[in-house]
Amino acid sequence: MNFNKILQVMPFVLAGLIVILICLIIIGGIENKSKSNDNKTDTVVDAGSETNKVTDKPADWEEDNVTIPTKSADDITKDPEPTAEPVNNDNTPTPDQGSTTPDNQTTDNEFGFKFTEKQDFVDTKNGVNLRAGCSTETAVVAHLETGKRLERTGYNSEWTRVIYNGMECYISTPLVVRVVSSIDEKVPDENGTGNENGNGQDNEFGLVFETKNDYVDTKADVNLRAGASTDTDKVAYLENSVRLKRTGYNSEWTRVEYNGKTAYIATWLIANVAATAEDPKPTEAPKPTEEPQPTETPQPTETPDDGNNDNGNDDNGTTDTGITDTGITDTGITDTGVTDTGVTDNGTTDTEPTDTGSNTASGGIFFGSGSGKLICIDPGHQTKGNYNTEAIAPGSSEKKAKVSSGTSGVSTGLAEYKLNLTVSLQLKDELVARGYRVVMTRTTNDVDISNIERAQIANDNKVDAFIRVHANGSDNSSVSGIETICQTKSNKYNSNIYSECKKLSECVLDELVDSTGGKKRYVWETDTMSGINWSKVPVTIVEMGYMSNPEEDKKLSDKEYQKKIVKGIADGIDDYFK
């Protein structure tokens with residue numbers, strides 16, 4: 001045997017054996033995988049068996065077996081609502097009593113959400129937006145000032161799909177109060193009676209009241225309303241403290257009898273509780289009065305006056321002791337210095353800056369010179385509200401009050417109309433210093449100018465931006481923050497300027513939050529504001545903060561904080577024109 005030849009061939013033989021072994025291993029693995037798949041195909045799981053028990057769980061709002069795609073915090077947000085906070089924190093949605101399986105889920109292809117299909121009805125909270133899609137970036141289809149019952153076609157933990165006026169739209173799921181099986185189903189109270197005069201829910205507003213049979217003293221300058229919502233009609237305006245019979249209450253609203261009728265007052269506006277109508281009222285200690293601050297030195301008039309100013313009367317029981325009008329006449333004589341030193345609702349002295357411009361009732365009051373951008377500033381509200389009505393928009397049959405006197409500070413007692421003017425006059429000075437020209441709708445509180453007339457001042461002067469200065473209020477004293485308001489992109493009166501109004505609102509909101517360090521809420525898009533609907537120029541409403549929040553109310557009356565507000569609004573206007 002020739003061992004040399006064998007040694008030469010051996011490497012090739014070994015290599016061949018290795019190749020054959022690798023092939024056998026691969027073929028064996030493929031066979032095993034095929035058998036494994038065959039075994040899985042042959043296994044059938046009964047939908048009611050223990051192995052599939054999880055899919056038999058009833059669906060509810062906490063664990064609805066719905067898969068939500070992963071999104072950023074900006075993509076998945078609950079729909080914010082600025083006109084009303086949740087009416088009752090105890091009203092949580094009622095769990096559904098059906099079953100949910102993947103077969104009941106559909107995907108909203110535009111937004112990527114999976115919905116569990118439903119065919120029932122839901123009650124909404126007050127003051128919520130219905131949107132065209134399941135995103136806060138979509139258009140507002142409708143704003144529901146009071147809760148409504150709507151047909152539900154699907155839901156997940158973020159959004160609920162409903163039918164409104166024949167249209168499919170969406171509402172943030174946390175804004176659903178309850179689920180019912182039919183449109184006519186009654187909502188029982190906690191005793192199962194649904195009696196409005198007992199311990200139970202006010203069916204129209206979804207609030208639970210504790211029954212009472214005693215008396216309460218109100219604070220001064222408060223509204224009585226027809227329902228447990230700020231969106232309902234005013235039954236009466238109480239200039240002074242009044243004792244009323246109380247029939248029920250909760251942390252938000254108190255139900256009282258007034259002139260033989262049921263009315264509602266915000267609970268925080270109750271000053272005292274008494275057992276009978278004759279019980280003596282508690283004596284309050286006198287409140288300290290601050291030293292009045294000196295008014296600013298009048299500046300030269302920029303533009304001749306060509307109109308008149310209508311000074312109304314104060315209706316809130318306080319006395320304006322320092323109104324000096326030295327030059328406002330119907331013949332157009334220049335106003336050279338209006339000083340309004342009024343007593344605020346809490347007994348402290350409020351000294352407003354001096355009016356140094358030219359005053360016209362129809363054309364506005366002008367400040368500044370040159371060729372800078374022209375800004376219209378509208379200090380919201382006035383001393384005495386005008387509750388005659390006017391059209392909410394050009395050609396609209398819907399009407400609203402011409403103008404109200406606004407809210408007041410829960411801690412300071414400062415009237416909103418006074419705060420708005422104080423800040424607006426400072427804003428005017430800041431803008432003039434930056435080279436802008438300014439036209440103001442009012443420079444005193446005792447005027448009678450409707451919301452339409454305020455918009456017309458901006459329109460007639462073809463201003464570059466219309467800034468409406470307001471403060472906010474809520475029946476929930478914990479709510480705080482800054483927001484701005486503009487119309488929706490589908491507004492049928494002035495949608496052509498929507499993009500500019502939205503941009504202006506965003507710029508002012510961002511800079512105002514940056515300057516003050518306040519809580520940022522959002523730009524609220526709504527078509528319910530008369531002053532916005534009638535505007536033909538870029539417009540925004542600035543809600544500086546909540547006077548119903550004790551801490552924020554104190555900040556709003558602080559002079560240093562007001563300077564930050566003024567700087568923020570002015571910076572926002574600068575940013576808008578950049």
Side-chain angles (χ1 to χ4, degrees), residues 218-224 230 234 236-241 265-266 268-269 271 287-290 292-293 295 310-323 338-353 355 377-387 401-427 440-451 454 468-475 477 541-559 561-562 565:
T218 72
K219 295 181 180 180
D221 303 314
V222 300
N223 292 318
L224 292 181
T230 55
K234 293 178 182 177
Y237 171 71
L238 306 180
E239 294 182 355
N240 302 305
S241 176
I265 181 174
W268 64 271
L269 295 174
K287 298 177 181 178
T289 302
E290 296 178 0
Q293 300 175 7
T295 58
D310 180 14
N311 290 327
N313 295 321
D314 194 339
D315 72 335
N316 63 356
T318 59
T319 304
D320 284 338
T321 58
I323 302 178
V338 179
T339 303
D340 182 6
T341 304
V343 180
T344 66
D345 295 343
N346 66 346
T348 59
T349 301
D350 174 30
T351 304
E352 295 167 354
D355 171 18
I377 303 175
D378 174 33
H381 305 291
Q382 57 195 34
T383 300
K384 185 177 181 180
N386 184 341
Y387 294 99
K402 287 187 173 182
V403 64
S404 70
S405 57
T407 187
S408 61
V410 65
S411 296
T412 64
L414 178 65
E416 183 198 349
Y417 64 85
K418 291 184 177 181
L419 170 66
N420 295 341
L421 181 59
T422 298
V423 172
S424 294
L425 290 173
Q426 294 178 57
L427 176 61
M440 297 193 67
T441 60
R442 68 180 180 95
T443 55
T444 67
N445 288 316
D446 296 322
V447 298
D448 188 11
I449 310 174
S450 76
N451 286 316
R454 294 166 192 247
R468 307 185 64 203
V469 178
H470 285 253
N472 228 329
S474 171
D475 297 318
S477 61
I541 296 178
V542 183
E543 298 285 359
M544 300 178 287
Y546 279 79
M547 301 187 80
S548 52
N549 180 285
E551 295 305 317
E552 196 155 69
D553 175 39
K554 292 175 184 176
K555 285 184 179 180
L556 290 170
S557 64
D558 180 77
K559 298 300 181 184
Y561 190 76
Q562 289 175 2
I565 292 175

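Here the structure is a predicted model, which means the values were calculated and not measured.
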Discussion item. Please determine whether side chain to side chain contact (heavy atoms under 4.5 Å, CB included) holds for the pair Asp446 and Thr383, giving the CA-CA distance in whole Å, both sets of side-chain angles, and the decisive distance to 0.1 Å.
Written reply: CA-CA 5 Å; Asp446 296 322; Thr383 300; 2.9 Å; yes
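- By the side chain to side chain donor-acceptor pair (under 3.5 Å) test, Ser404 is found to be paired with His381, residues two or more places apart in sequence or in another chain being considered.
- With a 4.5 Å cut-off on side-chain heavy atoms, Leu269 and Asn223 do not count as touching.
- Residues forming a side chain to side chain contact (heavy atoms under 4.5 Å, CB included) with Lys555 (at least two apart in sequence, or on another chain): Tyr561.
- Lys554 is linked by a side chain to side chain donor-acceptor pair (under 3.5 Å) to nothing, counting only residues two or more places apart in sequence or in another chain.
- Partners of Val410 according to the side chain to side chain contact (heavy atoms under 4.5 Å, CB included) rule, which considers only residues two or more places apart in sequence or in another chain, are Trp268, Pro550, Asp553.
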Fill in: Verdict with supporting geometry, Val403 and Ile449, side chain to side chain contact (heavy atoms under 4.5 Å, CB included)
CA-CA 7 Å; Val403 64; Ile449 310 174; over 6 Å; no
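- Of all non-hydrogen atoms in Ala271 and Lys219, the two that sit nearest each other are CB-CG, 4.1 Å.
- Atom NE2 of His470 sits about 8.5 Å away from atom OG of Ser424, to the nearest 0.5 Å.
- Rounding to the nearest 0.5 Å gives a distance of 5.0 Å between CG of Asn445 and CG of Leu421.
- Once rounded to the nearest 0.5 Å, the distance linking CD of Glu552 with OG of Ser477 reads 12.0 Å.
- Residues Tyr237 and Val222 have side chains not in contact (no heavy-atom distance under 4.5 Å, counting atoms from C-beta outward).
- Atom OG1 of Thr412 is separated from atom CG of Asp558 by 11.5 Å, given to the nearest 0.5 angstrom.
- Remark: Thr407 pairs with Glu416, Met547 by the side chain to side chain contact (heavy atoms under 4.5 Å, CB included) rule, at least two apart or across chains.
- Annotation: side chain of Asn451 is in contact with side chain of Arg468 (closest heavy-atom distance under 4.5 Å).
- Of all non-hydrogen atoms in Thr218 and Ser241, the two that sit nearest each other are O-OG, 2.6 Å.
- One finds the CG atom of Leu427 at 8.0 Å from the CE atom of Met440 (value rounded to the nearest 0.5 Å).
- Across all non-hydrogen atoms, the minimal contact from Tyr387 to Ser405 is OH-N, 3.9 Å.
- Qualifying side chain to side chain donor-acceptor pair (under 3.5 Å) partners for Gln382, counting only residues two or more places apart in sequence or in other chains: Asp448, Arg454.
- Between Ser548 and Ser474, the shortest heavy-atom distance links the atoms OG-N, 2.8 Å.
- Expressed to the nearest 0.5 Å, how far CG of Leu419 lies from OG of Ser408 amounts to 11.0 Å.
- No donor-acceptor pair closer than 3.5 Å links the side chain of Asn386 to the backbone N or O of Lys402.
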